Protein chains: 2
Amino acid sequence: MNPEMLKGHLDTILLATLADGPAHGYAVIQAIRQRSDGSLDLPEGTIYPALHRLELAGLLRSDWTSPSEGRRKRVYALTPAGLVALGEHRANWQRFARAVGAFLDGAAPCPA
Amino acid sequence: MNPEMLKGHLDTILLATLADGPAHGYAVIQAIRQRSDGSLDLPEGTIYPALHRLELAGLLRSDWTSPSEGRRKRVYALTPAGLVALGEHRANWQRFARAVGAFLDGAAPCPA
DNA sequence: TCCCTATGCCTAGTAATACTGAGCTATGGC
DNA sequence: GCCATAGCTCAGTATTACTAGGCATAGGGA
């Protein structure tokens, strides 16, 4: 799949993934791969900078796990602002998907 | 709408638009605006270079209209290779849209 | 013991892409 | 004559995800 296709939608995917509950970077990568049936296999160099960007924007909050419990991990969680942003991203996606679908035989990408 | 969202999908939209029949650049811009209900209002600086790129790739063919019939226009038409590419773009889009939809409550962007 | 793999995080540099902003021509209405 | 619209072009810019590396720890197998 053309990597350019993802542009502008990565944040949406990350926010939606973390809406299920806090997770650390590596787990996010695996969750995305699983949930997309392998269609989206995003490298670490894509995920980590994106998480940093979202945290800088105030949409995520991160905490390091205490070193006592195994490996040190940085756990990301959605902030209230992130939840609001997710709503906007979802609306934008639906508008965009409907627009593109209008060009492809008007057939929305419904598996049904 | 975030302009980055379009990245990687512009070619799909252009090929799909020209699948309805040959058209010149300015008409393509208007067709896209109409067909997307105004959601996609793409400037000339976006469309023309993209058309050139697709022509260079062999997916489009262009002909200048004869100067006798009013203004000179450059009419673009889909090549056989362009038709094949459109099919691939459509399949990619559907896979991508299904994957992203899986993150947004599993709800595909169907207005119904 | 040593090495390899998986887990886990980070970053500098790169390439691709759409947009901005400007310029050019011709037609037609006022 | 002047301006808006139609119509095409191009140089430069910003954003974005990816590449390709590096670092550290834990556990299993040779």
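This one's a predicted model, so the numbers in the text were calculated from it and none came from an experiment. Labels below follow one simple rule: chain letters A, B, ... track the order of the sequence lines, proteins then strands, and each chain is numbered from 1.
Sorted by first and then second residue, the salt bridge (charged side-chain N to carboxylate O under 4.0 Å, His left out) pairs with a member in residues 74-88 of chain B read B:Glu55-B:Arg74; sequence neighbours excluded. Sorted by first and then second residue, the salt bridge (charged side-chain N to carboxylate O under 4.0 Å, His left out) pairs with a member in residues 38-49 of chain A read A:Arg33-A:Asp41; sequence neighbours excluded.
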Fill in the blank from the handout: Each nucleotide of nucleotides 12-17 of chain C classed B (base within 4.0 Å of a protein heavy atom), S (only sugar-phosphate) or -, in 5' to 3' order, makes ----BB
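In terms of the side chain to side chain contact (heavy atoms under 4.5 Å, CB included) criterion, B:Ala91 has no residue partners (sequence neighbours excluded). By the salt bridge (charged side-chain N to carboxylate O under 4.0 Å, His left out) test, A:Asp63 is found to be paired with A:Arg61, residues two or more places apart in sequence or in another chain being considered. Remark: A:His89 engages no residue in a ring pair (Phe, Tyr, Trp, His ring centres under 6.0 Å) (not counting sequence neighbours).
Dashed line: the shortest gap from a side-chain N or O of A:Tyr48 to OP1 or OP2 of C:dC10 is not under 4.0 Å. Listed pair B:Arg74 / D:dT9 meets the phosphate criterion, a side-chain N or O lying under 4.0 Å from OP1 or OP2. In this structure, B:His52 does not reach the D:dC8 phosphate: none of its side-chain N or O atoms is under 4.0 Å from OP1 or OP2.
For A:Thr46, the listed nucleotide lying nearest its side chain is D:dC18; candidates were D:dC8, C:dC19, D:dC18.
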Please table the atom pairs, donor to acceptor, closer than 3.5 Å between any side-chain atom in residues 16-27 of chain B and protein atoms at least two apart or in another chain.
from: B:Thr17; atom 1: OG1; to: B:Ile13; atom 2: O; distance (Å): 2.7
from: B:Asp20; atom 1: OD2; to: B:Arg35; atom 2: NH1; distance (Å): 2.4

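Taking atom CD of residue B:Glu44 and atom P of nucleotide C:dC24, one finds them 15 Å apart after rounding to whole Å. The CH2 atom of B:Trp64 sits 6 Å away from the C1' atom of D:dC8 (whole-angstrom rounding).
Taking every heavy atom of residues 18-26 of chain B and every atom of DNA chain D, pairs under 4.0 Å involve B:His24, B:Gly25, B:Tyr26, by number.
Across the helix from C:dT1-D:dA30 to C:dC30-D:dG1, the helix axis at one end is tilted relative to the axis at the other end by 10° (nearest 10 degrees, each axis from five pairs).
Using bins of under 30°, 30° to 60° and over 60° for the plane-to-plane angle, the ring pair B:Phe96/A:Trp93 lands in the perpendicular bin.
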